[in-house]
Amino acid sequence: MSTFEPNTVGFLCNWCSYAGADLAGVSRIQYPTNMRVIKVMCSGRVEPGMVLELLEAGADGVMVTGCHIGDCHYITGNLHTKRKYALLQRLLAKTGLEPQRIRLEWNSAAEGQRFANLVKEFTEQIRSAGPTPLRAPTPDAAKLLNIRAAKAAANGFRLRALVGKEEKLVTTGNVYGDRVTQDEFTKAMDEAVETEFQIHRIHIILQDGPRSVKDIAKQLGMQPRTVLSYMVALRQRGWVDVKEAVEGTPLYAAQ
Amino acid sequence: MTTPRIGVFVCRCGINIAAYVDVPKVVEYAKTLPGVAYAEENMYTCSSDGLNKIKEAIKRHSLERVVVASCTPRTHEPLFQATCEEAGVNKYLFEMANIRDQCSWVHMKEPERATEKAEDLIRMAVAKAALLEPGEEPEIDVNPSTLVIGGGVAGMRAALSLANQGFTVTIVEKEPSLGGKLRSFDSLFPHKQKASGIIEPLIQSVTTHPRISVFTESSVKSVHGFIGNFDIGIDTKKGPESLNVGTIIVAVGAEILKPKGLYLYGEDPRVITQSELELMLRAGGVDSKRIVMIQCAGSRNEERPYCSRICCNEAVKNAITLIESGSEAYIIYRDLQTYGIHYSKLEQEAKRRGVKFLKYQAERPPTVSACPQSLRVSLYSPTVNEEIDLEADLIVLSTPLIPISDAKELSQMLKVPLESNGFFMEAHVKLRPIDFATDGIFVCGTAHSPKDVGESIAQALGAASRASIPMAKRRVRTAAITSQVDQTKCSGCGTCIDVCPYNAIRKNEKGLAETIAAVCKGCGVCGATCPEKAITMHHFTDEQIQAQGLAALEED
Amino acid sequence: MKPVLVIGGGIAGIQASLDLADRGTKVHLVERTPSIGGVMAQLDKTFPTMDCSICILAPKMIECYRHPNITIHTQSEVIGLEGNVGDFRIKVLEHPRSVDATKCTGCALCSEKCPVKKPSAFQVGLGQRKAIYLAFPQAVPLIATIDREACLWFTKGVCRTCEKVCTSKAVDYEQKENIVDLNVSSVIVATGFEQYDPKDIGEYGYGRYKNVLTALEFERLVCASGPTGGVLNRPSDGKVSHNIAFIQCVGSRTQTSGYSYCSASCCMYATKEAVLIKEHEPSSHVTIFYMDLKTFGKGFQGFVDRARSHWGVEYIRGRPGEIREDPVTKNLTILYENTEVGRVERLDADLVVLCTAAIPHRDNAKLATVLGIGQDEYGFFANPDPVASPVETDRPGIYSCGSCHGPRDIPESVAEASATAAKAAEDAARAEGVA
Amino acid sequence: MKYALYLGCTVQTEQYGYEASVRTTMPRLGVELVDMTGVSCCGFPPFSSVSELAWLYSSARNMAIAEGMGLPIFALCNGCHLSFVETKHKLEHSPELKAKMNEKLAREGLRYEGKAELIHIFELLHDVVGKDKITAAVSNPLEGLRFAAHPGCHAIRPSRIGRPDDPENPKKLDDLITWLGAEAADYPEKIDCCGSSLAAASGKTVLDIAGEKLKAVKRRGFDGLVTTCPFCFKVYDNKQRAIQATVGDRELEVPVFYYTQLLGLAIGVDQESLGLDLNQSPIDPVLEKIGGK
């Protein structure tokens, strides 16, 4: 275990977190070397898809840090970070990867010690989670499929639109002025995440060649019924279509 | 496309980096990275000698991208960028790897791993550099003229200062005459100057100033555009007018609460507000023997949870005036807001002259009852721990300033926010008290929050200074770190407009989103949010971030 | 167009400089200490938004330093002024840093090796710095300076360690003081305030009792970049304090020892510090003794209401008469009359914080003489007409902003700073002949 | 070192122990005490609420007598000393008042110039006699004993008109105790009032207040309480039984001494001539410890 050195990536916002990391340096506060930092202007720039991408590519863990709520240099940027991170957590939960492989923290420009502690903690957290199952050359196929599906879902229109509209929907309301409660929204979100995740799983599978609903159901451990309903959605989106019919069973393939 | 020629400069920073990171090894490693055409080390890259070496290398090795691995970009990026520009490389083709503050200084005990990390950081920087694009810093012309909404003391003072600085100013005032709330004041605390002594000369110089035009009995009906170039529609008594200005100052002031039903106000003529007392004093005084003033009448409560700042001082000032004219004055208060030097003195003077102060508790406010020949105020005084009854001939309620009735309408027109109490909300409570988050629009006076005349004037002058900045330069220039909407992908859903805190994105005539580059602050939230992924965040593109991340994970 | 002189590198001076520089006016910013930033750089958070102070200030400090139109003179003072508005001739005395600013990289290796320890002014004496030192980690400019009174080389003619360890050869013991002549159109005074020293109020035992601190000392104690890394280790025994009391109006609103005026910001910064304690440790018991709760600023009342209802900060109306220390435990007992119930009570505390008056800076008299401007009865710079001309001194072309002319909070100082910039811009325009 | 000894009423009528110990110890430290003739009550500051003039007159009169003797007044009692200091202060700042006084004094052939120096026992022992003389005189150091110093309010307040010690952090009596070889530790209740000035208003309150202090002194493990004020002594020592009754604690026993009594013991004066048998608090345990040596 101790021989395992986690490869982690940290997204730091320019104004507070990155400055806090610099302060740790100026104050010579020592911390583990495991994290590689990517500077963004605002933590709100970080998309769930970006994080999932890194996990897919074999990162053992990814941390996102921004200004404390209320301190955001861009006034409300980190509020968006929060919402996007919530989606990221939902999707990661679907993939079967350990939830502790990602972490969101706020760190101010005055918190050098705290930043060092965060890196220490996070490194230990990942160390105990163990190496990612997705590391090449022998990644866990099922989990790899899941993380790809999750990434595709995160980058897809539906989930991005939902997260983007969350604030407006639960505060001022939509263009027709009808508001939804946070709970209603959460329900809608859960539902959407599940659908998008499954749809993309199926879509990815079909990209490797035509399959019947039954086969897919077997491979994904789902009810054929459910698969079929997703298939309908996939066809509506024009992502898949019936390739051929073998003994009456239609085989579907990605367009 | 062929990867551009990249130059890498690794700084030893004396021993700050070199003592913990094997710099020569790192340089050798850098040379092996894709696209790196040249790499060298410097003792101090930020020294003039170091900077010259960068410029020479750019020329000698015809470098198209520059990576410096040294300290933090937060302090040194501008210096290196300037150097690149001098050597003909656009500043946005420069990238830094922070191998001191975030590497050598924090891994002093693990030189090998620090060296590895430095190599990784440089690999990441190089990967990003390969994808960097030159940036043109957007500039827009600024019309050197200002619209001041509101012709009270704040608006007039702001207008006058800007006009004196050489800018043209238009004041739009609802009322038939300039002067605002101050018209209804008798004298002003702390020094009891006559209010008229302040406004009349001000009105004089404003109305006679060659660069100021005034529209009274007029109101702003429409606002379009952005900093430097706002199109304004006004309704004047002579019909609609339109003008174009570079900046806008909101100085609409506030209104004074008339507390219907509170302490018999509106039911008994002997219960009046502080501002009504001002009018009486202006008209020559009152003949009541005993006057009782009640503070926080309608403020610091559930409905209006704010302190109106000026009421205590106004009450104390008026109480002194009344005592001078032989009346007896009581002030019933919760917390006396006589802050700072002048108001502390005013409070002491009042106590010396025999104004009587009685504290009451929010939980147990006083009650007022009418008797045929006088009024009775009953209150519980915690100080003496008793119920006290006071006979009064006149009761004066110190009521708060409240937002103007059409604040909401105006805020929507200007696309600037109001805070929970309905006053205009500045960009940052501490460090940007006069700016709105939206460039080119500023606030001053009681439109922002209750404040006294001196404070309003200070803020007005401040607004004049803030507004003068873009106008003095005639143009606004911002970093090229801005977002850009791909018109072919945009579906016009407007999500980006919702999330942008600076109103930097607008819908164009095609109903599609469009970034106003000069107003964009480059946070990238819109890019991260756009459902269609139609927005490119320059200098922090998806591809650049992805490249950095994947480079971080490369095994070597 | 002539430049403008700004005296004082706190938040007010910084804002005035940036406003003018951004509109294209050259600015000379004169600061008496080795770094700009002023008191705000020492604060942990700011009320009522609880913004991290240095987070929002540092970018402005760096912007100032990098701005092509701003020249910063640190460790400097204005020693001469002649002429009139539009044409002031100024003499600025630059004290030697003994470090070559063009060479120093701020790596702080020198102070690491320097053998001499001195109480750090930035940590209000709670922490230490060396004889050669950086004012604080985010100092601007980030250049070391030698305290010649402390340095062994200057006092005893030995050591020179810093010179040996400095790899960029920046140490220069020979550096002389330097006088700069400036010709400016206007002068902006933003020299700030200082804190009343509560030693004179014997009954509170400040200086006698280790666990009685001033609010500024506490600010460092609670700050993540402070001497204890933000942990409330009290001075006497390093124990973490859970029972803390704040006393308002220490040296203010008094007719006896101290100043008679209200310092305007204490009620709020006490509330802020109280909330900080609760954020660190919600189970802590925090009490604020006040006379009148001054909640007159934007968002103040809401902030206090929240401190009370959400954080459970206790407010007691009463001015304590005495603080006592247990000789063994060093715990404190506060004796006071609770004027909300008219009863004499006592309260035990691990730590007591004195919210002291904001008073005129000791150098005001000297500067007033040099600039030929007036002071008020307390020693603040005077504004003859605070209502109509809130930032004008009694000498045309010289303006004052921030807490150098009376107690102010940050937003008021910032607004006034911009106001002085506008006045200076008007002067310049007049000089340019813009009628 | 020659002083006009002003005893005042309380000492002469009931606090003989103080007088005795002063008369026997001072000369051994080279302090010569000359008795005053024709003196009256100091005027007693609270009396000013009845007639300020009468109060000022009594004080001025006594000071005038001392002036006549050409000696500084050494007033044993905190109250008397304060009364003189306050009167002197008032007359200094009001020529009219001074004239009025002299007009009245003239009828007795007296004149008040304001030249009379006033000295408090703290000043005399701590500042004039001083550490060296006292430590040198100590033949029987009071080692192993820990005393709570009680300077008494009037020795330190009102501070603005000049009192012998710091109002918030008085130290002189502590020094004096340590110079005798004993220990004097700081304690929070040190400057608490004995309550005696409330005697007229509410006897019980006096006992409650005094009781709190004695409890603290006992709780903090002192061997006894030391003072130089007859009023304070009267409460803590003479009324100690009453205090026990009021606070309902028969065990509340605290030996109380005049400083000059301890001084005497330390420099080898025999116990009888120090009036120790007049102390009503249980001082024997302490005496045993001392006598032991």
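For the pair C/Thr167/B/Arg12, no side-chain contact is recorded, criterion being any heavy-atom separation below 4.5 Å from C-beta on.
With rounding to the nearest 0.5 angstrom, the CD atom of C/Gln301 is 8.0 Å from the CD atom of B/Gln337. Annotation: the span from C/Phe296 atom CZ to B/Thr338 atom OG1 amounts to 10.0 Å, rounded to 0.5 Å. To the nearest 0.5 Å, atoms CD (C/Glu416) and CD1 (B/Ile457) are separated by 12.0 Å. In this structure, C/Asn383 CG and B/His342 NE2 are separated by 6.5 Å, a value rounded to the nearest 0.5 Å. In this structure, CZ on C/Arg253 lies 5.0 Å from CD on B/Glu347, to the nearest 0.5 angstrom.
Most heavy-atom pairs under 4.5 Å with chain B: of the set C/Ala388, C/Pro48, C/Ala421, C/Ser263, this distinction falls to C/Ala388. Between chain B and the options C/Phe300, C/Phe380, C/Tyr261, the largest number of non-hydrogen pairs under 4.5 Å is found for C/Tyr261. Note on C/Ala415, C/Pro411, C/Ala424, C/Ser389: by heavy-atom pairs under 4.5 Å with chain B, the leading option is C/Pro411. Of the listed residues C/Cys267, C/Ser260, C/Ala58, C/Ser265, the one with more heavy-atom pairs under 4.5 angstrom with chain B than any other is C/Ser260. Chain B forms more heavy-atom pairs under 4.5 Å with one residue of C/Leu57, C/Thr102, C/Asp292 than with any other, namely C/Asp292. Of the residues considered (B/Gly166, B/Ala460, B/Ser161, B/Ala467), B/Ser161 shows the highest number of contacts with chain C, using heavy-atom pairs under 4.5 Å. Contact count versus chain C (heavy atoms, under 4.5 Å) is highest, among B/Gln459, B/Glu455, B/Glu419, for B/Glu419. Taking C/Thr105, C/Val304, C/Asp305 one by one and counting their heavy-atom pairs under 4.5 Å with chain B, the maximum is reached by C/Thr105. Taking chain C as the reference chain and counting heavy-atom pairs below 4.5 Å, the highest number among B/Met471, B/Met43, B/His448 is found for B/His448.
Looking at C/Leu109, only its side chain comes within 4.5 Å of chain B, counting heavy atoms on both sides. For C/Gln255, the part lying under 4.5 angstrom from a heavy atom of chain B is the side chain only. Using a 4.5 Å cut-off between heavy atoms, C/Asp427 does not touch chain B at all. For chain B, the nearby parts of C/Pro386 are the backbone and the side chain; heavy atoms of each come within less than 4.5 Å. Looking at C/Glu432, there are no atoms closer than 4.5 Å to chain B (heavy atoms on both sides), in backbone or side chain. Using a 4.5 Å cut-off between heavy atoms, C/Gln138 does not touch chain B at all. Contact of B/Leu188 with chain C is made through the side chain alone, with heavy-atom distances under 4.5 Å. Residue contact with chain C, scored on non-hydrogen atoms closer than 4.5 Å, involves the side chain of B/Arg157 exclusively. Heavy-atom distances place no part of C/Arg408 under 4.5 Å from chain B, backbone and side chain included. Looking at B/Tyr380, the atoms closer than 4.5 Å to chain C (heavy atoms on both sides) all sit in the side chain, from C-beta outward. Looking at B/Tyr360, there are no atoms closer than 4.5 Å to chain C (heavy atoms on both sides), in backbone or side chain. Interface remark: C/Asp376 contributes side-chain atoms only to the contact with chain B (heavy atom separation under 4.5 Å). Only the backbone of C/Val341 comes within contact range of chain B, with at least one heavy atom under 4.5 Å from a heavy atom of that chain. For B/Ile198, the part lying near chain C is the side chain, with the backbone staying farther off; criterion is any non-hydrogen pair under 4.5 Å. For B/Tyr343, no part sits under 4.5 Å from any heavy atom of chain C, backbone or side chain. The parts of B/Ile15 that come within reach of chain C are both its backbone and its side chain, each placing non-hydrogen atoms under 4.5 angstrom from that chain. Looking at B/Lys359, only its side chain comes within 4.5 Å of chain C, counting heavy atoms on both sides.
Closest approach of C/Pro390 to B/Gly454, counting heavy atoms only: CG-O, 3.4 Å. Nearest heavy-atom pair across B/Ala458 and C/Ala419 is O-CB, 3.2 Å. Residues C/Met40 and B/Leu431 come closest through the heavy atom pair CE-CD2, 4.0 Å. For the pair B/His428 and C/Ile56, the tightest heavy-atom approach, listed with the atom from each and the gap, is CE1-CD1, 3.8 Å.
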- B/Leu160 and C/Glu426: CA distance, side-chain angles, deciding distance, side chain to side chain contact (heavy atoms under 4.5 Å, CB included) verdict: CA-CA 10 Å; B/Leu160 195 57; C/Glu426 289 182 52; over 6 Å; no
- Message: I'd like to know whether C/Tyr259 forms a side chain to side chain contact (heavy atoms under 4.5 Å, CB included) with B/Ile341, so could you lay out the CA-CA distance, the side-chain angles of the two residues, the decisive distance to 0.1 Å, and finally the verdict.
- Response: CA-CA 10 Å; C/Tyr259 296 74; B/Ile341 289 183; over 6 Å; no
For residues 15-24 of chain C, which side-chain donor-acceptor pairs fall under 3.5 Å, sequence neighbours excluded?
unit_1  : atom_1 : unit_2   : atom_2 : d
C/Gln15 : OE1    : C/Lys60  : NZ     : 3.0
C/Gln15 : NE2    : C/Asp19  : OD1    : 2.9
C/Ser17 : OG     : C/Gly13  : O      : 2.7
C/Asp19 : OD1    : B/Arg466 : NH1    : 2.4
C/Asp19 : OD2    : B/Ser465 : OG     : 2.7
C/Asp19 : OD2    : C/Ser418 : OG     : 2.8
C/Asp22 : OD1    : C/His67  : NE2    : 2.8
C/Arg23 : NE     : B/Ser468 : OG     : 2.9
C/Arg23 : NH2    : B/Gln165 : OE1    : 2.8

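Every residue two or more places apart in sequence or in another chain was checked for a side chain to side chain donor-acceptor pair (under 3.5 Å) with B/Lys473, and none qualifies.
Remark: of the listed residues B/Pro433, B/Ser449, B/Cys307, B/Ser449 is the sole one forming a side-chain contact (heavy atoms from CB on, under 4.5 Å) with C/Lys298.
Under the 6.0 Å distance and 45° angle rule, B/Lys430 counts as a cation-pi partner of C/Phe47.
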